[in-house]
Each structure stands twice: as C-alpha cells, then as structure tokens.
Amino acid sequence: MKKLPFTIDDKHFDSSTVESFIREFWQEEKLFETNSNLDKNKNVFSIILPPPNANARLHLGHVSGYAYQDLMGRFHRLLGDDVLLLPGKDHGGIQTEVVFEKELSKQNIRKRDLSRDEFFKRCYEFSIMNMKNAREQEEMIGLSADFSKDIFTLDDRIKKTVYDTFVSMYKDGLIYRGKRIINWCTRCLSALADVDTENKDEDSFLYYIKYGDDLVVATTRPETKIADTALAVNPRDERYKKYINTEIEVVSPEGTYMLPVIAEDDVDMNFGTGVLKITPGHSPEDYKIGLRHNLPIKTVIDKYGKMNESSNQYKGLKVIEARNKIVEDLKKMGLLVKIEAINHSVPVCERCKTIIEPLISYQWFLSLDELKRKTILAIENEDIKIHPKRMGKNLIQWLVSPEDWCLSRQLFWGFKIPAYYCGGKDIISDENGNLIEKYGGSGGCGEIIVQENVPDKCPKCGGTNIVAEEDILDTWFSSTQWPYATLLSYPGYFEKYFPTSVMETGRDIIFFWVARMIIMGIYKYGEVPFKDVHLHGLVTDKEGKKMSKSKGNGIDPFEMIQKYGVDALRYSFVFANSIGKDYRLFDEKIKGNRNFVNKIWNASRFILQNISDEGNIKVATNESNLSPIVKNNEDYIKFSEFENRIIELNKKYKFGKASEEMYEYFWHTYCDVLIEKYKEKIKEKDIEAMEVLLTILVSFMQLLHPYMPYITEYIWILLYEKNIVTENSISKTKFFNIS
RNA sequence: GGGUUUAUAGCUCAGUUUGGUUAGAGCGUUACAUUGACAUUGUAAAGGUCGCAGGUUCGAGCCCUGCUAAACCCACCA
C-alpha cells in the first residue's frame, strides 16, 4: 500500500486528501468488479443504476440518488452478498437534443441546417464529453459501481435488445402505425407523449362568437372555427334541448356551412354559454367526442403551426396571427358578441416550453391496455413492492388510464425506428380534408416491413424500392428496457442478476420510467424486472422550493464536497429523512455532518494513539472468536443490540432513522460516555478497556461505512496498518455478527 | 373534479410493527469552561396550548370524525 497521506497526529480531518487516496486504493484493488460466476453460498444483490443524462454536469438530484444506491450496495456487500451496481449513461433523447441545439445556436448553427447524420455525430461527441465528466464525478462521490461495465444507452448491444423488443411487439400486434390526435411541438417539430408535456397557466381571451341565429359559442381558439364539424350541448341543458339533432347554418369569413348540434354529457353547462364547438382535428377532447359521434375530422393547422391551404384567407398565417385576423373579421361581420379575459392552463413541451398544438397525425403507437392490467395486478399482488407504499397507489392510478403510447418522434437524436416501406409512404388528403397515409406510391406493394436490419428486398413482392422510416424512437422506449438490456449486454449477467433486487430512483419519474419499466419487463419476460422499488424524495432549498437554475436557489454538490467533503454531503441526504419525502438541504445541515465526520476522526485518533503496539491487540472477526472479556462487557452487549437494530433498519430501508441513531450513539454514547469511562484505564493499557473500545470502533466503522464510505475506510486502513484488523478494506469484510 | 402528503421549539426535523411517567435532537440564542482525542469541542440554560374543534379511552402528539392552511400528482380548463 502507498504511504498514507494523513496521520493520526492531524487534528483536523482533511476530506479531499483522504478521498483521493481512498479512491485510488479502491481502483487498484478492483473491489467493485463483478463477474457472471454464481456462488451458491451468496445472495445476489443487484441495482441497475439510473443513468444520468449525458448533457450536463451531475446535479444534486443525481448525487442524492447515488447516495442511496451506493448505501444499499455497500450494506449488502457487508452482509456478504454478491453485489452488482451497474452504471450507465443516458443519451437523453429530446432533452439532450434541445440542450445541444442551444449549444449549436451559440455557433450560429440551426439544427435543420445540418443533416441528421451530421447532427447525430456532433451530438455524440458532445455526449461523450459529458459522459467523461459524469463518470469522474461518480467516482468522486465514492460510488462503488462496477465501472468496467459502464454502458451508454446508444450502445449497439442495447440497440439489439431494443430492436428485438420492437419487432416482437409489432408481430404481437401491440405496436401499430395509426392515425390519431397527438401532442405536437411546433418548435421541436415532433410528436410528444403525454408525459413529455406539462401544463402552464396563461393569460388569454375567451371569444363569444355567434353560430347561426340563436347560438353563441365561447372559445379561446377562434382560428380553428374553420375546422369545426359540430356543436355540442349538454342533454340536460334546458336552454338548448330543442337544438339537439338539428343542423344550423353557420356564417363565417370563409363562407356559409351547416353544422349538426349533438348531445354530449361532457359539456359543462356552466362554462361560457354552455355551447361547445367541436374541432376534432385540433383538440384532444373534441377528438374523443368526434369519435363517439362519428364526426368528420378537418385540419387547418400544419406542423409548423401555420394555417394550411384548406383556409382561403388565413393560409400561411401563424396561429396567433390567424386568431387576431379572424377576430377582426368576425367583428366586422357582426358575429363577435364579446371578449373576456381568461387565465387557463395550456399544455407545453416539457423541454422547450412551446405551446403544444394538438394535431392529427400518423405515428407509431404501443397498445398498453393488456400490459397495464398485468402491471396493476403485479403491484396489487406485491410481486413488486413499492416503498413508500402510497406511491403504489399513485402508480395504479396512472396505470388505469387507457391511453396508448406514442412511440415515434420526428427528431435526430436517438434510435431509428426499425421499419421500412415497400415503395415508400405518402400523406394525401381526401375530398373532406381527411389525411390519409398511403404506402407503396413510388413503386412497391406498400408492405410495412419491421425488422432489425435493412431489408434488401420486400419479403412480400420482392420489390427493391425499400424506403426506411425516418422517425426515431421515443427515448423512453429504450430506457424502460434498461434493467434487462444492460444485463443482456454482458454474458451470464442476465441469468445471474435478473430480476434485480431494487430499483432506486427519484419519485418524480415514477410514471415516465418506473411504471413503464415494469410494463416492459412483464411483456418481455412475464415477470417484474425488479423486486423492490425505493423512491427518494426531491432535494429542495431551505424554504421547501424545488431547486432550479432559473430561481438561482440551486446548490452545486461539488462545491459542497470541496467545502465539507463527500461523507458529510452524502450523510446530509439521508440523515433524519423518511422514505419518499422531499428534503430540504442547506449549508448548515452539511456543516453539522462535517462536524460529525471530524468527531469520528478525533475519537478514532484518540483510540489509535493510545493502543499499545506491544500488546498486539487484535479484534475478533466474528462473534465466535470474540474474547470472553468483551463478550461479557455490558457496554459491548449494549452496542451489539444497537448494531443489530441498525442492520434491521437498513433492511427496512429506514436509512434516515439509522443515520440519526448512529449519530446519536457515536457522539453521545461512544464519545461522551464510553471513552470518558475508559479513558484512564486505556492510558494504563488495560486490556479490557482497549478491547472493548476497539471492538466497538471496528464494528461501528462497518455500520457507518455505507453512509460514510471515505472516513470509515481510511480509519479501517489505519487499523489494518496497526495489525488490529486482518483485511485491508471494509469491503472485504462482513458484519461482525453475521455468520 | 379524482388521488396523495404535510402541520411538533426561532429554523430543519425525529417521536418507532404496539396510545403509557416530565414531548426529543441538530442548528441558532444565552451563560460558563479551554495547554486535555476533538473550539469542527465540552457543561448548562432559555425556548413547545404538538394547526383548530370534537370523539374513542383510565390515559391521545400518536387512533376516529370534521374543519383550516400548505405542498404535490392525475384529469379538465371549450
């Protein structure tokens, strides 16, 4: 072993010196590397670590997650388990694409100026750079992962699994190409799933517009008037009963046309006038109503957010421009009754905050009905245990919604959809303005071929004019396969480690990720991909507000590490917190834990300084070779009870409680009571005093190690150098009273 | 509208499968100590109607009901 950088004569514990020393030591010893050999005497414990997005430095959220994951891994190593912590890096899909677009714009380059391949290449380089940073930071915080197995989500081995799943889901009829209303981002120029959108409050106007002679409709979107295909009223609404199932003549700036009036329970009698215009082509709610009443679907807005050619006067105008102009025109025609100010929420793109334009479009979908049902059963039967339990209810609530998952994205950064069209595909519109996708128009039979590799000819007609799908897969389609896709990438790992022991992640991505990982696992292997789900809360500032760049209330974890050390920061994430609860982090909290680190250092220092070298004191390695002197010592007996208690708390994921009790025990029992009690005796080299204090110290280092890996390992090495313990690393040991 | 959570000292939080003496900790505040393993320390003190109102009970911070306030999630917002 290298010369120790730091001795027991140093009063103040210098965390960064010790951290880099220990880090090198761990790397040299290759302590956390794994293999596919199954040892039947050992339990297997595995966590596939949630991969951070390779588009920025790690933030507090990542570090807090790693604190929990590493804690569990190290704890199970000390139980004697065969532990795998498998690290990875996420290409981050649309998130990274948007971040990198901003990078490009700094160089005055627009994304669509580059080819897809060129964009992909540059974004890949950008990601590689970030991945290196992330990796360094992961090592810095003491993550005991097997870095020789670090894997990127765009790795070819991952791609193989993802494509296999896509193809088999297509063959099973779960994945299909379909037309429906989807969330469209006019800036990203892509379809988005519901979870990729969020709601934003917006000040807008409610326009009251005359429809026919008697009816007035209140709408925020007058520009979609041209695409109306019905009016709807509540069947219980006495005011409008007589109009139901009639047709009224509607005058508009684009001419006069007839609209049916339908009865619909979903219409709120108290909103506006109680008359709703139905625009199935541009509103998800209206789309559903349209399906129920078999209404035609008209489209007036294109993918750029501009009015399309079905409008004569507004063609080419952006939505807002068209809205203002049509309002002017309606006013001139005497059709505008009044305008009210309104604050309502609108869906926006989760990434770039552009207002979503609901559009009718052909996309790839995954039917989830059956899989969701099975997933609910798995949760209800506790095939998978969610901690905290109440989050399971949230999950089930989300799973009962029947929406299919829109898998295709019109983006550059990600896996291409493995689909091909014999003779290509075209979008045409029929006489009613309905969009129809036609296949095989440019010389082919129109067969859709779904397979991993590019086909050289059509398996149906033998044609060679094969056109590849240009869309890419939603990044969540691949990341929800992460638990098995990673393990399948290394021979024997899947067999040994699947299903994994725990999925540990933030409570905020339970729908995005956790729910759909379970769904995919159930599809692929008929079983849940992990046995337990542990969800940690979000880190907030002292006022309980979410940290964000724009608010400027964020804490840089690496600044805190420089100031107080990794151990203090990591302890602050778990200290006195309960599972799934958000926790407030601030400087004084971390500082308090730094003081605890220093207390541990000084107490250990005192013991080590006063141990007689000639006495050749050794500490028992397990309960059976414990000396009777220690075994019967009342202070040791009490400690032993405490030790069992902490181990039990860890098993129950009660890390907050355990950390609190360890703090309390070490500071106020070990230091304040026991050291004081044995102080004089120890200086007289009394064997019982030395053995009791040492045995407790050694065991306590093991107990605390998952929570504070650096200082405990360093003290352990000092004990090893003094021949007090026989292994040179805590990671090679087991808890004292585990046989 | 549906679901979930929280409310305990100035601040941040504990208060435990199971209700039980005088409700605890850290930070902060105040006083004192200091060549001592540790001033990143020690000893002590002040500080609480346990959100409000009922109920169950010999006994409620804990269980039940209602209310108030705050936060989060889902749906909708024409």
Side-chain angles (χ1 to χ4, degrees), chain A residues 8-13 194-195 198-199 201-202 204 206-209 217-222 224 228 231-232 264 266-268 271-279 282-286 289 342-347 388-401 403 507-508 510-511 537-538 540-546 564-565 568 572 575-578 580-610 645 648-649 652 654 656-657 659-661 663-664 667-668 671-672 675-676 679 682-683:
Chain A
I8 54 170
D9 296 322
D10 293 303
K11 279 189 178 184
H12 302 310
F13 185 75
D194 286 347
V195 288
E198 59 184 29
N199 291 316
D201 283 332
E202 195 202 39
S204 181
L206 192 56
Y207 303 92
Y208 287 74
I209 300 166
V217 169
T219 179
T220 53
R221 302 209 59 184
T224 61
D228 292 344
L231 293 179
E264 177 55 52
D266 280 359
V267 177
D268 181 350
F271 189 93
T273 59
V275 185
L276 176 63
K277 72 185 196 66
I278 304 297
T279 320
H282 295 291
S283 154
E285 228 4 67
D286 293 3
I289 293 171
I342 185 177
N343 182 283
H344 66 155
S345 89
V346 290
K389 228 175 177 174
R390 62 187 151 83
M391 296 290 191
K393 283 186 192 169
N394 273 352
L395 252 187
I396 288 173
Q397 198 204 336
W398 184 80
L399 286 163
V400 292
S401 75
E403 294 296 310
R507 65 149 176 82
D508 53 328
I510 184 165
F511 305 130
L538 305 183
T540 67
D541 69 7
K542 200 172 181 175
E543 271 76 50
K545 301 231 169 65
K546 211 172 161 176
Y564 299 122
S572 303
F575 185 76
N577 281 130
S578 58
K581 210 172 138 183
D582 289 355
Y583 46 99
R584 304 178 184 203
L585 190 72
F586 41 92
D587 198 279
E588 300 91 305
K589 208 172 193 173
I590 310 168
K591 190 176 167 185
N593 288 321
R594 188 273 317 262
N595 294 354
F596 181 44
V597 172
N598 195 58
K599 187 77 181 175
I600 295 164
W601 172 244
N602 276 298
S604 312
R605 206 160 74 80
F606 175 73
I607 306 287
L608 284 163
Q609 279 172 338
N610 286 288
R645 200 180 138 64
E648 285 312 307
L649 285 172
K652 289 180 190 159
K654 295 195 172 183
K657 189 70 194 159
S659 60
E660 216 181 335
E661 290 199 9
Y663 184 100
E664 182 68 22
W667 203 312
H668 300 298
C671 293
D672 293 353
I675 290 185
E676 292 305 322
K679 203 171 226 171
I682 218 176
K683 285 179 177 163

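Below, chain A is the first sequence line, B the second, and so on; all start at residue 1. Predicted model only: the values in this text are computed from it and were never measured.
Side chain to side chain, A:Y663 and A:N593 fail the donor-acceptor criterion of an N or O pair below 3.5 Å.
Comparing the P positions of B:U12 and B:A71 gives an interatomic distance of 15 Å, to the nearest angstrom. Between B:G20 and B:C63, the two C1' atoms lie 14 Å apart (nearest whole Å). Straight-line distance between the P atoms of B:G28 and B:U40: roughly 11 Å, to the nearest whole Å. Separation of the C1' atoms belonging to B:G51 and B:G61 is 12 Å when rounded to the nearest angstrom. Between B:A46 and B:G54, the two C1' atoms lie 35 Å apart (nearest whole Å). Taking the P atoms as reference points, B:G36 lies 43 Å from B:U16, given to the whole Å. Rounded to a whole angstrom, the distance from the C1' atom of B:U21 to that of B:U4 is 36 Å.
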Name the pairs: protein N/O against N/O of nucleotides 42-45 of chain B, kept only if under 3.5 Å.
{"from": "B:G42", "atom 1": "OP1", "to": "A:W667", "atom 2": "NE1", "distance (Å)": "2.3"}

Atom pairs under 3.5 Å: protein N/O with N/O of nucleotides 2-9 of chain B:
{"from": "B:G2", "atom 1": "N2", "to": "A:Q397", "atom 2": "NE2", "distance (Å)": "3.1"}

Please enumerate all protein N or O atoms sitting under 3.5 Å from an N or O of nucleotides 16-23 of chain B, with distances to 0.1 Å.
{"from": "B:U16", "atom 1": "O2", "to": "A:R645", "atom 2": "NH2", "distance (Å)": "3.1"}

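Nucleotide B:U4 has B:A71 as its partner under the Watson-Crick or G-U criteria, with both atom distances under 3.5 Å.
Across all strands shown, A:F575 has no heavy atoms under 4.0 Å from either base or sugar-phosphate atoms. Nucleic acid contact for A:K389: none, since no nucleic acid atom lies under 4.0 Å from a heavy atom of the residue. Using a 4.0 Å heavy-atom cutoff across all strands shown, A:V267 reaches at least one base atom of the nucleic acid.
Considering all non-hydrogen atoms of both residues, A:K599 and A:W667 come closest at CE-NE1, 3.5 Å.
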